[in-house]
Amino acid sequence: MIAFLFLFASLLSSTIIVESTPVLFVTPGEAVATKSTDECLSHLGLYGTNGDTYNVYRSSLECGALQSLDTAHLLPIQDKTSVVYIQEAGVDESIRGDEPEFSEALDKLVMLFVSYSERVHDSQSVFAINPDAFVLHRTPSSALISIPDVALSSLDTVLPRFFVPVLLPTLAAIPVPSKDVNRVSGWLSDLHFEADISSLIGDLSVDEMRNDIRYLTGEDESSPIVSRQSFTTGARKAANWIKARFEDTGGDCELRPFSFGYAPNVVCKYPAVVNTTGTIILSGHYDSRGSFGSTRAPGGNDDGSGVLSILGIARTIKNKGIKFHTNVELVAFAGEEQGLVGSRAYAKELREADANVTLMIQADMIAYHKPGEPAQLGLPDRIGTAEVAQLVANVSALYSPELSVGLTSACCSDHQSFHEQGYAATQVFERAGAIADPMYHNSRDLSDREGYDFEQIRSIAKVTFATLLHTAGFRAESI
């Protein structure tokens, strides 16, 4: 934390605004279409929660399209900094304890930086940290903050427990094309129970999941992993271990670096046996976040559970000799806890290559089962493609009817990176409601505890796997 504060204190500097200075414009209200076709004005998206929503645009003062906006705030972007959106993750009151509400927690975070800057700058300093430089825009439930690029890597170590960061994109969000939405609607129309798919997904093994998570969390005494925070050696060891497990199943895997210092994304490909450019991605994130001030970040649920699900799917692909009619990628992202950094990089790379990603499903936090509630499947209430969420819900009714399905406000995860690049995407989550896991962002997020439900992980993995089989098309050597 001290290193982060020093970087923040020493790198932020006052900005002289000239016509070419990049700026953000924040306007209140629901999503609106840009009134100008001028390419110098980029609508980055709709942000905020609980009715306090606002549109964010990126531009410069010389852009003629700015007169089309009812501008509420002009926010200069400083050189060598990133703008990060933060909000509360969406937590159940049962786990809040004495954690302050968003606005109070943000005030304390600002004062933390201000207090530290006063100790590292003398009284004659032209610029020390001040709240206006750190917090660019705020509402009662969210904020836009400015972070030096070199300090972004440690952001998760100083944020209040329930704060989640999302790195603001630098280019306009791309709408999902109607042809891609129509494709998903076609899958919905054709969906019906298939006995072969039911048999294949039944191969998913809880025993193997239990062994996997114990290694990833360090609960297994043979595991060298203490933390999977994106900048630790443990994260790199986890990446290599995950890659090896995917390769055991026949995946063509690589470690893909995306930004200096971060552990890499793990990308494993299962090529189609027919001639097609179409690609379906199933993913989780293997990086983790622990308690404030702790070096331990086991991430048993967040998001070891999502990684378990795609490892289990990979093993069944091998065990049953499954070959797909669409290219399939199983991906474990890093950098999620710093603001979706790894998935942002990969989704951007795919968009720049004009990749034909027809479907993307992220599994994030699927293990916790609150006592007294039924096993559940939560789908995003706002971020993602509604038709994909409906497809997953309908598949669940066919193949995992034990799950109670509903919407969740829990935010945020790697499917957002793909959705903003114009790909049809959604997330699967453990609860139709707010986050209720008492070990969320906690160094005791282990698998050997009350509420960690391997059967629920398996049930949700069956849903994502069945969705893959229905949409990709396949043949199998063994049913």
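Nothing fancy with the numbering, it's 1 onward along the sequence.
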Please give me the minimum heavy-atom distance between [X] and [Y], naming the atom from each residue.
X      : Y      : value
Pro298 : Asn442 : CD-O, 4.3 Å
Asn301 : Arg449 : CB-NH2, 3.8 Å
Glu219 : Asp448 : OE2-N, 3.1 Å
Ala347 : Ser417 : CB-O, 3.6 Å
Gln229 : Ala235 : O-CB, 3.2 Å
Asp364 : Phe429 : O-CD1, 3.4 Å

Task: side-chain hydrogen bond (donor to acceptor under 3.5 Å, both in side chains) evaluation trace for Ser305 with Tyr368 - done: CA-CA 9 Å; Ser305 60; Tyr368 186 72; over 6 Å; no
Would you check if the side chain of [X] reaches a backbone N or O of [Y] as a donor-acceptor pair within less than 3.5 Å?
X      : Y      : result
Thr81  : Ile147 : no
His137 : Val56  : no
Ser154 : Thr157 : no
Tyr423 : Ala355 : yes
Arg228 : Gly299 : yes
Gln456 : Gln376 : yes
Asp445 : Gly290 : no
Lys318 : Asp248 : yes
Thr217 : Leu446 : no
Asp303 : Gly284 : no

TODO: Compute the ring centroids of Phe231 and Tyr262, then answer whether they are less than 6.0 Å apart.
DONE: yes
Using 0.5 Å steps for rounding, measure from the [atom1] atom of [X] to the [atom2] atom of [Y].
X      : Y      : atom1 : atom2 : value
Leu308 : Ile457 : CG    : CD1   : 5.0 Å
Arg245 : Lys243 : CZ    : NZ    : 10.5 Å
Leu403 : Ser396 : CG    : OG    : 4.5 Å
Tyr47  : Thr53  : OH    : OG1   : 13.0 Å
Ser413 : Gln362 : OG    : CD    : 3.5 Å
Ser447 : Asp212 : OG    : CG    : 11.0 Å

TODO: Check step by step if side-chain contact (heavy atoms from CB on, under 4.5 Å) holds for Phe246 and Tyr270.
DONE: CA-CA 10 Å; Phe246 279 130; Tyr270 298 78; 3.9 Å; yes
Non-hydrogen side-chain atoms of [X] and [Y] separated by less than 4.5 Å:
X      : Y      : value
Thr426 : Val392 : yes
Gln416 : Leu340 : yes
Ile317 : Phe324 : yes
Val307 : Ile213 : no
Ile361 : His415 : no
Ile201 : Ile313 : no
Asp52  : Ser142 : no
Val463 : Leu377 : yes

Donor-acceptor side-chain pairing of [X] and [Y] below 3.5 angstrom:
X      : Y      : value
Ser222 : Tyr215 : no
Ser409 : Asp381 : no
Arg444 : Ser291 : no
Thr279 : Glu329 : no
Ser141 : Thr49  : yes
Gln87  : Tyr85  : yes
His285 : Glu336 : yes

Task: Lys/Arg N to Asp/Glu carboxylate O, Glu99 vs Arg96, below 4.0 Å - done: no
TODO: May I ask you to say whether Lys370 pairs ionically with Glu430, meaning some side-chain N is under 4.0 Å from a carboxylate O?
DONE: no
Open item on the list: For a side-chain hydrogen bond (donor to acceptor under 3.5 Å, both in side chains) check, start with the C-alpha distance between Asp92 and Ser94, then their side-chain angles and the critical distance, and finish with the verdict.
Closed with: CA-CA 5 Å; Asp92 193 87; Ser94 64; 2.6 Å; yes
Please set out all donor-acceptor pairs under 3.5 angstrom arising from side-chain atoms of residues 159-176, sequence neighbours excluded.
unit_1, atom_1, unit_2, atom_2, d
Arg161, NE, Tyr440, O, 2.8
Arg161, NH2, Pro438, O, 2.7
Arg161, NH2, Tyr440, O, 3.2

Open item on the list: Can you tell me which residue among Thr326, Asp180, Asn327, Thr277 is in a side chain to side chain donor-acceptor pair (under 3.5 Å) with Asn356?
Closed with: Thr277
- [ ] Start with the C-alpha gap between Tyr57 and Val26, add the side-chain angles, then the distance that decides, and say whether side-chain contact (heavy atoms from CB on, under 4.5 Å) holds.
- [x] CA-CA 6 Å; Tyr57 298 83; Val26 176; over 6 Å; no
TODO: Take atom CD of Glu450 as the centre, draw a 6.0 Å sphere, and report whether it contains more than 12 heavy atoms from other residues, nucleotides or ligands.
DONE: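 12 or below, so no.
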- [ ] Report the C-alpha separation of His419 and Thr385 in whole Å, then their side-chain angles, then the decisive distance to 0.1 Å, and conclude whether the side-chain contact (heavy atoms from CB on, under 4.5 Å) test is met.
- [x] CA-CA 7 Å; His419 182 66; Thr385 310; 3.5 Å; yes
Open item on the list: For a side-chain contact (heavy atoms from CB on, under 4.5 Å) check, start with the C-alpha distance between Cys268 and Glu247, then their side-chain angles and the critical distance, and finish with the verdict.
Closed with: CA-CA 8 Å; Cys268 295; Glu247 289 175 334; 5.6 Å; no
